[in-house]
> 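Take this structure first; my questions come after.
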Amino acid sequence: NSLSILSMKSLSTAFMPKFLKEVVTHIPTLALKSMDWKGAIKELGPLVARVGKKSLEEDCFESLQRLEIKNLALTHNSCENNYESLSTEDRVKAGESVLRLYFTQLRNSKGLCLDLRPRHFEYRNNTLVFSPNNVWLAFSEDFRVGLLNLYKGFYFDNDELFETALKSIGLTKNLSPKEDEELKELFRKHFGPGDQEEVVFSLEHFKESFYELFKFFMDHEVALDKDFMFLGVYLVGLYMNLESLNVPLNVREIFLDVFSE
């Protein structure tokens, strides 16, 4: 019931690192009520333990290095964000590198750094420098692959793959064909309008579209995987970062560049 959900939320936020408490404020309350908090709390224990060490553990750091993300350098040293001093051209380049990092990390079965807030980034010498902290999480393999296929279905205009991905994540169970179409439209709206070639990221848009998605899940009693909360956290960091850059970005081109190999 709603009481147990809210008490579960209160219990979990009490143990949340400062970073997660800050980010969760940007996730609609309705979405938080829909989450599998029992599953999330199991993940929070190890996550909190890792956050105690500020620098990313070496094996995780090396797995990020192996991704060889274009125009992105990793450092163990702290960064001083300098977005405000950048030209529009450099802001675009920085934003493109953030998007490459967001998408490419989803290819890493070993996990990803959840915290993409701008404070961990600095742009210098045509390169975005990223100082990953120890907020490291591995999505379940089914969820990770399903999410990747959802993005691929959207950006490669493959409706069949898009549909299959929604099913594999468990989002279309018990839905009628009409409701299924409604859900697909909500996801398209969440990813962004039109051809995705000039997207200016806004936390307000994220909150509105995330709210609509989770209202649909609540109304249709769709059970959500615990990884949805952590995906929300990952997305909030992305939006905080790209909103602070405040330039139009060609998201489609970046995605196709990352996944064209």
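Worth saying up front: this structure is predicted, and the values here are computed from it rather than measured.
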> Side chain to side chain contact (heavy atoms under 4.5 Å, CB included) with Leu186: which residues, sequence neighbours excluded?
Glu212, Leu213, Phe216
> For Leu56 and Trp136: C-alpha separation, side-chain torsions, deciding distance, then whether side chain to side chain contact (heavy atoms under 4.5 Å, CB included) applies.
CA-CA 8 Å; Leu56 182 60; Trp136 185 266; 3.7 Å; yes
> Sequence neighbours left out, what pairs pass salt bridge (Lys or Arg N to Asp or Glu O under 4.0 Å) with at least one residue falling in residues 168-186?
Asp159-Lys184, Glu163-Lys184, Glu181-Lys184, Glu185-Arg188
> How would you list, by chain and number, every residue that makes a ring pair (Phe, Tyr, Trp, His ring centres under 6.0 Å) with Phe143, sequence neighbours excluded?
Phe139, Phe228
> So do the side chains of Asn133 and Cys113 get within less than 4.5 Å of each other, counting heavy atoms only?
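Side-chain contact under 4.5 Å: yes.
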> Considering all heavy atoms of both residues, which atom of Ala94 and which atom of Tyr123 are nearest to each other, and what is their separation?
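Here Ala94 and Tyr123 meet closest at CB-CD1, 3.8 Å.
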> Taking all non-hydrogen atoms of both residues, which atom of Val258 and which atom of Thr104 are closest, and how far apart?
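Taking every non-hydrogen atom into account, CG1-OG1, 3.5 Å.
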> Going from CG on Asn81 to OG on Ser78, what distance comes out if it is rounded to the nearest 0.5 angstrom?
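The CG atom of Asn81 sits 12.0 Å away from the OG atom of Ser78.
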> Atom CG in Leu150, atom CZ in Phe162: separation rounded to 0.5 Å?
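The CZ atom of Phe162 is 4.5 Å from CG of Leu150, to the nearest 0.5 Å.
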> Locate the shortest heavy-atom distance separating His120 from Cys79; write the atom from each residue and the value.
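Taking His120 first and Cys79 second, the nearest heavy atoms are O-SG, 3.8 Å.
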> Decide side chain to side chain contact (heavy atoms under 4.5 Å, CB included) for Phe154 and Leu161; before the verdict, give the C-alpha distance in whole Å, the side-chain angles of both, and the deciding distance to 0.1 Å.
CA-CA 8 Å; Phe154 178 77; Leu161 182 60; over 6 Å; no
> For Tyr234, what residues pass the ring pair (Phe, Tyr, Trp, His ring centres under 6.0 Å) criterion, not counting sequence neighbours?
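Here the qualifying residues are Tyr102.
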> With rounding to the nearest 0.5 Å, note down the distance linking CD in Glu243 to CG in Leu238.
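So the gap between those two atoms works out to 11.0 Å.
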> Would Asp90 and Lys93 count as a side chain to side chain contact (heavy atoms under 4.5 Å, CB included) here? Give the steps.
CA-CA 5 Å; Asp90 283 345; Lys93 288 177 183 174; 4.1 Å; yes
> For a 4.5 angstrom cut-off between non-hydrogen side-chain atoms, does His190 reach Leu235?
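SC-SC contact between His190 and Leu235 confirmed.
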> Could you pull out all residues at least two apart from Tyr239 that satisfy ring pair (Phe, Tyr, Trp, His ring centres under 6.0 Å)?
Phe201, Phe206
> Is there a continuous path of hydrophobic side-chain contacts, each under 4.5 Å between heavy atoms, that joins Leu245 to Val129?
no
> Does Asp59 have any salt bridge (Lys or Arg N to Asp or Glu O under 4.0 Å) partners at least two apart in sequence or in another chain, and if so, which?
none
> Where is the tightest heavy-atom contact between Phe210 and Gly232, given as atom of each residue plus distance?
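So the two residues come closest at CZ-CA, 3.8 Å.
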> Indicate the atoms forming the closest heavy-atom contact of Ala165 with Gly146, along with that distance.
CB-O, 3.4 Å
> I'd like to check Lys152 versus Asn158 (side-chain heavy atoms, cut-off strictly below 4.5 Å). Are they in contact?
no
> Carefully, step by step, assess Val247 and Val200 under the rule side chain to side chain contact (heavy atoms under 4.5 Å, CB included).
CA-CA 6 Å; Val247 285; Val200 179; over 6 Å; no
> For Asn174 and His220, what are the C-alpha separation, side-chain angles and deciding distance, and is it a side-chain hydrogen bond (donor to acceptor under 3.5 Å, both in side chains)?
CA-CA 8 Å; Asn174 303 324; His220 296 88; over 6 Å; no
> Would you list the atom pairs, donor with acceptor, under 3.5 Å between side chains in residues 66-75 and any protein atom, with sequence neighbours excluded?
| residue | atom | partner | partner atom | Å |
| --- | --- | --- | --- | --- |
| Lys70 | NZ | Asp257 | OD2 | 3.0 |
| Thr75 | OG1 | Asn77 | N | 3.0 |

> Can you sort out the partners of Asn250 under side chain to side chain contact (heavy atoms under 4.5 Å, CB included), two or more places apart, ordered by chain and number?
Glu197, Arg252, Glu253
> Determine which pairs satisfy salt bridge (Lys or Arg N to Asp or Glu O under 4.0 Å) with at least one residue from residues 125-143, sequence neighbours left out, and list them in order.
Glu141-Arg144
> Mind checking what makes side chain to side chain contact (heavy atoms under 4.5 Å, CB included) contact with Glu80, not counting sequence neighbours?
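Testing Glu80 for side chain to side chain contact (heavy atoms under 4.5 Å, CB included), a comparison that skips the adjacent residues, returns Glu122.
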> Which of these, Phe156, Phe103, Phe259, sits in a ring-ring contact (aromatic ring centres under 6.0 Å, His included) with Tyr151?
Phe103
> Do Gln105 and Leu116 have side chains that get closer than 4.5 Å, going by heavy atoms?
yes
> Please enumerate all residues that pass salt bridge (Lys or Arg N to Asp or Glu O under 4.0 Å) together with Glu96, with sequence neighbours excluded.
none
> Quick check: is Val145 connected to Leu137 through a chain of hydrophobic side chains (ILVMFWY, heavy atoms under 4.5 Å apart)?
no
> Are Asn241 and Tyr83 linked by a side-chain donor-acceptor pair shorter than 3.5 Å?
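There is such a pair between these side chains.
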> I'd like to check the side chain to side chain contact (heavy atoms under 4.5 Å, CB included) partners of Glu58; sequence neighbours left out, ordered by chain and number.
Phe61, Glu62, His76
> Any side-chain heavy-atom pair from Leu249 and Ile254 closer than 4.5 angstrom?
no
> Could you pull out the closest heavy-atom pair between Leu256 and Tyr155, with the gap in Å?
CD2-O, 3.9 Å
> Rounded at 0.5 Å granularity, tell me how far OG in Ser131 sits from CZ in Arg119.
12.0 Å
> With a sphere of 6.0 Å drawn around CD of Gln65, does it hold more than 12 non-hydrogen atoms of other residues, nucleotides or ligands?
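Correct, the count exceeds 12.
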> Just to verify, which of Thr127, Leu128, Asn126 counts as forming a side-chain contact (heavy atoms from CB on, under 4.5 Å) with Ser97?
Leu128
> Rounded to the nearest 0.5 Å, what separation is found between the CD1 atom of Ile169 and the OG1 atom of Thr172?
9.5 Å
